[in-house]
Amino acid sequence: MPYKILRKNQLGNSGTLFEMVLDTPLIAKKAFAGNFVLIRIDETGERFPLTIADYNSEKGTITIVFQVVGKSTTHLSNLEEGQEILDVVGPLGNSIHIKKFQNPIIVIGGGVGIAPCFPQVKELKEAGNKVYSIIGAKTADLLFWKDKFAAISDKLIITTDDGSESIKGFVTDPLKEIISKEPISLVIAIGPLIMMKNVVRATNGKAELPFIETTVSLNTIMVDGTGMCGGCRFPTIDGNFHFACVDGPDVDGHTVDFDNLMKRSTRYIAQEKISMEKYVHQCEKIHNLK
């Protein structure tokens with residue numbers, strides 16, 4: 001069944017970040033923080049995963065946030081309120097383990113990864129936890145949902161690589177400062193692979209900083225989302241492989257072989273470029289016909 005877009009907003013000032021609220025009553029009824037959905041825009045589209053950024057079981061809606069980086073996200077960004085998406089499959093993956101922790105929790109979102117951090121902070125706060133949120137981006141134009149995070153966090157820290165807003169630097173800078181001063185029960189990081197890798201390096205018990213349990217969210221290439229295709233497999237430092245769709249997407253960050261995973265993430269760059277060029281050409285033809 002097609003799924004209607006109830007609301008569409010542009011986030012930040014980059015022109016590349018979008019928020020959509022979808023009418024998905026059955027998915028919203030079962031959704032929890034950490035879950036994702038697989039989207040196929042139309043009959044000829046690819047299936048790609050997006051982590052659920054928020055959900056409302058009473059209204060029957062889920063919120064997705066995405067950044068325009070290729071053909072599929074460009075196509076999605078061109079849809080408007082009232083239009084429909086052919087397939088939205090979910091909720092998939094494992095929900096995060098919600099419980100009351102002894103010490104504060106640090107949740108870190110980088111770039112578009114800020115969005116899926118929101119339901120995790122919300123559910124952890126509802127469980128009675130003290131939560132520090134750190135959100136960061138390359139520049140202030142890529143920041144969003146600051147007020148939403150401030151409303152549910154015990155402390156909100158913002159960083160930008162270029163210093164255009166708040167602290168100049170990376171999300172790992174305030175992370176290291178906090179964990180060097182007080183005990184932390186858990187660190188959750190969602191964002192680019194290099195960001196999550198550096199967060200894990202800060203919490204691995206070396207460099208005179210304490211070891212802290214750390215989870216990361218892996219948004220790998222997916223086709224079926226049920227562990228059958230093997231496209232989302234990721235390597236661990238002990239030489240094993242797991243599947244982000246059924247073993248994650250939130251996994252123990254200290255087990256992930258990030259160097260291997262980052263190399264694997266670049267394998268379809270040439271094909272993605274060709275797909276985007278064909279999409280742009282097709283759009284231009286349609287525009288000229290009009």
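Every value quoted in this text rests on a predicted model; they were computed, and no experiment measured them.
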Can I get a per-line list of side-chain donor-acceptor pairs under 3.5 Å for residues 116-125, giving both atom names and the distance, sequence neighbours left out?
| unit_1 | atom_1 | unit_2 | atom_2 | d |
| --- | --- | --- | --- | --- |
| Gln120 | NE2 | Asp250 | OD2 | 2.7 |
| Lys122 | NZ | Asp54 | OD1 | 2.8 |
| Glu123 | OE2 | Ala33 | N | 2.9 |
| Glu123 | OE2 | Tyr55 | OH | 2.5 |
| Lys125 | NZ | Asn129 | O | 3.4 |
| Lys125 | NZ | Asp154 | OD1 | 3.3 |
| Lys125 | NZ | Asp154 | OD2 | 3.0 |

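- Atom NZ of Lys181 has 12 or fewer neighbouring heavy atoms from other residues, nucleotides or ligands inside a 6.0 Å radius.
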Stepwise, does the side-chain hydrogen bond (donor to acceptor under 3.5 Å, both in side chains) test hold for Asp42 with Thr44?
-> CA-CA 6 Å; Asp42 55 30; Thr44 62; 3.2 Å; yes
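- Counted within 6.0 Å of CG on Leu26, heavy atoms from surrounding residues, nucleotides or ligands total 12 or fewer; the atom is thus considered open.
- Considering every non-hydrogen atom in both Gly60 and Asp23, the closest pair reads O-OD1, 3.6 Å.
- For the pair Ile39 and Ile64, the minimum side-chain heavy-atom distance is below 4.5 Å.
- Here the side chain of Asn35 pairs a donor or acceptor atom with the backbone of Phe32 at under 3.5 angstrom.
- To the nearest 0.5 Å, atoms OG (Ser185) and CD (Glu213) are separated by 9.0 Å.
- Looking only at side-chain heavy atoms (C-beta outward), Thr51 and Ile190 stay at 4.5 Å or farther from each other.
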Donor-acceptor list for residues 227-245 side chains, cut-off 3.5 Å, not counting sequence neighbours:
| unit_1 | atom_1 | unit_2 | atom_2 | d |
| --- | --- | --- | --- | --- |
| Arg233 | NH1 | Gly230 | O | 2.9 |
| Thr236 | OG1 | Asp238 | OD1 | 2.4 |
| Thr236 | OG1 | Asn240 | N | 3.2 |
| Thr236 | OG1 | Asn240 | O | 3.0 |
| Asp238 | OD1 | Asn240 | N | 3.2 |
| Asp238 | OD1 | Asn240 | ND2 | 3.4 |
| Asp238 | OD2 | Asn240 | ND2 | 3.2 |

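- In this structure, Pro91 and Ile52 approach most closely via the heavy-atom pair CB-CD1, 4.2 Å.
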Could you go through the side chain to side chain contact (heavy atoms under 4.5 Å, CB included) check for Lys146 and Glu165 one step at a time?
-> CA-CA 12 Å; Lys146 293 176 288 185; Glu165 183 164 338; 2.9 Å; yes
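- When every heavy atom of Val65 is checked against every heavy atom of Leu50, the shortest pair comes out as O-CD2, 4.2 Å.
- Distance check, rounded to the nearest 0.5 Å: NZ of Lys29 to OG1 of Thr24 gives 13.0 Å.
- For Thr160 (side chain) and Gly163 (main-chain N/O), a donor-acceptor pair under 3.5 Å exists by modelled atom type.
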Stepwise side chain to side chain contact (heavy atoms under 4.5 Å, CB included) check, Leu186 with Ile184 = CA-CA 6 Å; Leu186 175 69; Ile184 298 297; 5.7 Å; no
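- Residue Lys148 qualifies as enclosed at atom NZ: its count of foreign heavy atoms under 6.0 Å is above 12.
- Among Val68, Thr73, Leu11, the single residue meeting the side chain to side chain contact (heavy atoms under 4.5 Å, CB included) criterion with Phe18 is Val68.
- Side-chain heavy atoms closer than 4.5 Å link hydrophobic residues (I, L, V, M, F, W, Y) into clusters, and following such links, even through other members, never connects Ile85 to Val21.
- Neither Leu17 nor Leu79 shares a network with the other; the hydrophobic side chains, linked directly or stepwise wherever heavy atoms of I, L, V, M, F, W or Y lie under 4.5 Å apart, form separate groups for each.
- Val69 and Met20 are assigned to two separate hydrophobic clusters, defined by single-linkage of ILVMFWY side chains at heavy-atom distances under 4.5 Å.
- Taking 4.5 Å as the limit, every side-chain heavy atom of Phe170 sits out of range of all side-chain heavy atoms of Asn198.
- Side-chain contact between Glu43 and Leu86: present, with at least one pair of heavy atoms (C-beta onward) separated by less than 4.5 Å.
- Note on Glu46 versus Lys71: no salt bridge recorded, every NZ/NE/NH1/NH2 to OD/OE distance being 4.0 Å or above.
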With side chain to side chain contact (heavy atoms under 4.5 Å, CB included) as the test, would you mind laying out the steps for Asp252 and Thr214 before giving the verdict?
-> CA-CA 6 Å; Asp252 181 354; Thr214 302; 5.7 Å; no
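- Using a 4.5 Å heavy-atom threshold, the side chains of Leu193 and Leu261 count as touching.
- Looking at Ser164 and Asp162, their side chains do bring a donor and an acceptor atom within 3.5 Å of each other.
- Rounded to the nearest 0.5 Å, atoms OG1 (Thr63) and CG (Asn9) are 9.5 Å apart.
- In this structure, Lys168 does not pair ionically with Asp173, as no charged nitrogen and carboxylate oxygen lie closer than 4.0 Å.
- Residues Val112 and Gln67 approach most closely at CG2-N, 4.0 Å, considering heavy atoms.
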Begin from the C-alpha positions of Lys8 and Glu19 and carry the test salt bridge (Lys or Arg N to Asp or Glu O under 4.0 Å) through to its verdict.
-> CA-CA 6 Å; Lys8 174 188 175 184; Glu19 167 192 277; over 6 Å; no
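- A single hydrophobic cluster is not seen to contain both Leu6 and Ile41; linkage of ILVMFWY side chains at heavy-atom distances under 4.5 Å, directly or through other members, places them apart.
- For the atom pair CZ of Phe149 and CG of Leu143, the computed distance is 11.0 Å after rounding to the nearest 0.5 Å.
- Rounding to the nearest 0.5 angstrom, the gap separating the OG1 atom in Thr203 from the CG atom in Leu175 is 7.0 Å.
- Between Phe48 and Arg40, the closest side-chain pair of non-hydrogen atoms is not below 4.5 Å.
- The shortest non-hydrogen separation linking Val199 to Ala189 is CG1-CB, 3.9 Å.
- The environment of CD in Glu182 is crowded: more than 12 heavy-atom neighbours from other residues, nucleotides or ligands sit within 6.0 Å.
- By the 4.5 Å heavy-atom criterion applied to side chains, Lys4 and Leu22 are not counted as neighbours.
- In the hydrophobic clustering of ILVMFWY residues, with side-chain heavy atoms under 4.5 Å counting as a link, Phe101 and Val107 come out together.
- Contact of the Ile108 side chain with the Met195 side chain is registered, since non-hydrogen atoms from C-beta on lie closer than 4.5 Å.
- Residues Asn94 and Val246 approach most closely at ND2-O, 3.0 Å, considering heavy atoms.
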Stepwise side chain to side chain contact (heavy atoms under 4.5 Å, CB included) test for Phe36 and Ser217 = CA-CA 10 Å; Phe36 68 94; Ser217 184; over 6 Å; no
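- Here the CD1-CD1 distance, from Ile114 to Ile135, works out to 4.5 Å after rounding to the nearest 0.5 Å.
- The number of heavy-atom neighbours closer than 6.0 Å to CZ of Arg201, taken from other residues, nucleotides and ligands shown, is 12 or below.
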